[in-house]
Structures are given as structure tokens and as C-alpha cells.
Amino acid sequence: MRRRLIDNVVPVLVLAGAFTPVARADVHSTPHPPPAELATMEAAQPQASAAKQAAVNAIDRRAADLAGLSDRIWAYAEVALREHRSAAALADYAEQQGFRVRRGVAGMPTAFTATYGEGHPVIGVMGEYDALPGLSQKALAEKVPLEEGAAGHGCGHNLFGAASLGAAIAIKEQITAGKLKGTVVFFGTPAEEDIGGKTYMVRDGLFRDVDAVLAWHPADETQADMTSSQAMVDLAVEFRGKAAHAAYDPWNARSAVDGLELFLHGVNLMREHIRPSSRMHYTIVAGGEVPNVVAEYAKGWLWLRDWKRSEVDDLLARVRKLAEGAALMTGTVATVTVQGGNWEMLVNEPGARLLHANLLWLGPAVYTEQEQAFAKQVQRATGVPEVGMFEGVKPLEGQQAEGGSTDVADVSWVIPTLHVSVATSPEGAPWHAWPVVASGGMSIGHKGMLRAARVMAATMADLYEQPATLAAVQAEFKAKKGDTVYVPYVPDGPPPLPKD
Ligand SMILES: [Zn+2]
């Protein structure tokens, strides 16, 4: 059970430097969060240091560049491990800004790191840029594909990469100016939607020597994340039998499809005897070619999830037994291959409190009438309440954990990880769907992207300037991790790259 947060503790961790007020005229005009919380936070709000204010200003100065980068990646819409132009756009921009760029790290041509500065603290920030297949969409408030059947940024990763690089550059400028001391690293992390590029980057030690790392994610609401994500494992289950004519000599055959069917039947019976927190979902990838040939090969693809890696491991052990049993019953051979997976997110509470304080310090998002009308039109089109864009900041207390997994969680087990969600898409509208692509390619997405960049830059500045805050972030990480040994869910050898 998480301990209750006491609002007036937050500023102690954040306070530093000289007072430089920020224009926050609209703080009270937003419906989110409840005015009472904002008032409490505002009254006790710390003063911003010159470096922190300058880092935020640096984002605003580069707003057009960052929006341009995001729009290019939005238009490229490259799927996992094929993000060549997207990764190059970010890596080239980082190089132009004076970062030392290492391309093709961890065996993935589209993974890179961009480093600036010397010595500790080393603060990292992660960016993603892969699109999703089949979600091509114009930046319109109705479903209109840009190119029928093509990919689209249905998870807003075009914004993700651009904002995170923006934050890294803002910090770099303060290091150059002598206002901050240490190193900043941008991690270009590909294939979040597929193999989980970060798991390979963790395996290959790329986060070694990093003191803390930040990430954000596009969302339909804004909050410093206090909720975890689901651990999951990705499995291929293959059955191999013997082919024969299905009518002429079926006794010579052993059906791989029979094996797969019995296995999946076992999975479905097992559902009654798993924890309510567990999820098991599958597709059938191969199940024979024609009815008159008994299939000698069949393949299922499964994801097993729970809020704890230990529960996922338990499900995995049981599913392996189902495969063995189905093979025994059908005279086939079963092979279970772990293809990837994620741990659950190790939430860093001091980190979340710091991000939360900075979200409040920066104030709410302000949308134009046209942007709110766009959001409501999307909401109307998708049958959700027409409430427009979420403007404010959700409180830390009472956040609802939502289903889903991310490879950011794997990083969170090796380095203290601070995570924030920022609204880039109409509240309540479907995710991994056209509304996210549409809003991510116009001013609503740009505003969320810049807000994310500002809050991360401000938070990173705090971590450089406040050794006690960084120490609190690291102490909580150590305490929560305890003696758990992190082992990634990745097969041995290089990442499975596309062959063509
Ligand atoms: Zn995503």
C-alpha cells in the first residue's frame, strides 16, 4: 500500500535557487485538478532556479524545430525496427547540437545514444519513435487515412521522441553555459511496440553509469505517474506433427493443429484458475494450409500478463505444461519460445512528486477554441463524452492503473526512472487508434509535446541542482528493488531484426 502523500512535503524536495516567477495566468481557469489542491501547491510552490527557468525557456525557443521534428516522424510513420529515417532525424539533430552520437547500439540500427557533458550526475531521458501498422490517418477530426493500410503514430511516439530530445537539448545548453554540471544522455529507443528495444539496451549495459532517467508518454490526461505497468511475456508455441492425406491415409498423420487446439483449450480452461489480475491473450499464426492435408505445423502467439513478474513466471510455467500435455495427447512435438517481455514498472515516488510539482509550477495547458472544438468532434465521432482536451494535472493520489506493458519498465529495474504522462489526444478517445494519430499531427499534439519537454527539462534541472533530491530518488529505487535480480525477458543473441 502506498503511503499517503502530504502536499507540503513536496516543496522541500524541490526548493532551490533564486526566485523567478513564471507566467501562470490560467492556473485557476482549468477544471483539473481540483482548485483546492492547486491552491495548496501554489501557496507552497518553490522558487525556480535560473538554470531551470532557462531550460524551460530553451524549449520555447526551439518550439518550431521540435514541432518540425515531430511532424517529420509523424509523416514517416515507420514501424518497429524500421524507424531508419525517424531515428536519423533525431540523431542528426542531436549531432548538430553538439551531442556525441553513437548509432546502431545494442544490435539495432535504429537505436542510438546522444551524450553531452562530463562526469556525474548523469541524467538520461528516453525517446521513442516507432509507429503502428494500419493506423494511417490525416490530421483531421474524422477517420480519414492518409494512405489506406499504411502505418500511423497511434501511440504518439513521434511526439515522444521529439519532446525527450528537446529536454536533453535544453539541459545541454545549461551545461554549456556553466549553469548545470554533469552529463545528459538522450536514449533513442526503437521498437517499443514490438520487441521492446529498451530490453536489449538494458541487457547490453547502455544504462550503466546513469544516475536517473526520465521518460514520458503521450496520453489523454496529464499526470506524474504513480501507477505501475503490467509485466508480460511474449511466447511462440509451435507444434510439429506428420502430414498425410486427410481422407486417404489419415492414420499416417499426426496433426499439429490438433496439438495447438488442445493447447489453447487448456489455456482457456486455465482462465478459471488464475488470479483476477492475470491476462492471457493469443492469436493463431499458422494452422495448416488446406483441409485435405493434415497440418504438420501449427503456431500460436501468446502474451501472458500480470502486475508482478513473479505471477507471469508462474503463468509461464503452467502454460509450458499445457503445451507438453497437448503434444503428448496428439503425438506431436511442442516448442515454447520466449520471444520477449517486460517487467512491471518500479514506480519512483520521490521522482513522481518532483514531476508533479513541476507540472503544477508550469501550469495547465491552454487550448484555443478551435482545438477544443477539434477534440470534441473527435469525441463525437468515437462515441465518448464531448469533454474536449484535458488541461490540468491529475493529483498523485487515487490514480487508476490501466492495463498495458512497456519496456520503460525494464529500465526502471536498473536505473531510477521518473515517468510522466501528458495529454496529447482528446480525453477518453480510443488509444492505438486514429484520434491519437490525428491529434499528434497538429497543434494539440505539439502543445502536449512541448509541455512534456518543459516538465522533463525542469525536473532534470532539479536533479542536477539538488543532490538531496537525486539521493532521495536513488534511495527509494534501492529500497524498492531490494535484492531482486533483474533478468530481461529476451532470447539470447542479437535482437530479431526484419530480414528485408
Ligand atoms: Zn506508446
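Values reported hereafter were calculated over all heavy atoms of this structure, with side chains retained and with hydrogens, waters and symmetry mates removed. Whatever order the structure lists them in is the order used to number ligands and atoms, beginning at 1.
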With heavy-atom distances below 4.5 Å as the criterion, would you say the side chains of Asn342 and Ser229 are in contact? no

A cation-pi test, strictly: NZ or CZ of Arg309 under 6.0 Å from the centre of the six-membered ring of Tyr489 and no more than 45 degrees from its axis. Yes or no? yes

With a 4.0 Å cut-off, would you call Lys447 and Glu391 a salt bridge? no

What pair of heavy atoms forms the shortest contact from Pro218 to Trp431, and how long is it? O-CZ2, 3.2 Å

Quick check on Arg208: does its CZ atom have over 12 non-hydrogen neighbours (other residues, nucleotides or ligands) under 6.0 Å away? no

Total protein N, O or S atoms, the Zn ion (ligand 1), separation less than 2.8 Å: 3

I'd like to know if the side chain of Gln230 reaches the main chain of Trp307, judged simply by a donor and an acceptor atom lying under 3.5 Å from each other, with no hydrogens or angles considered. no

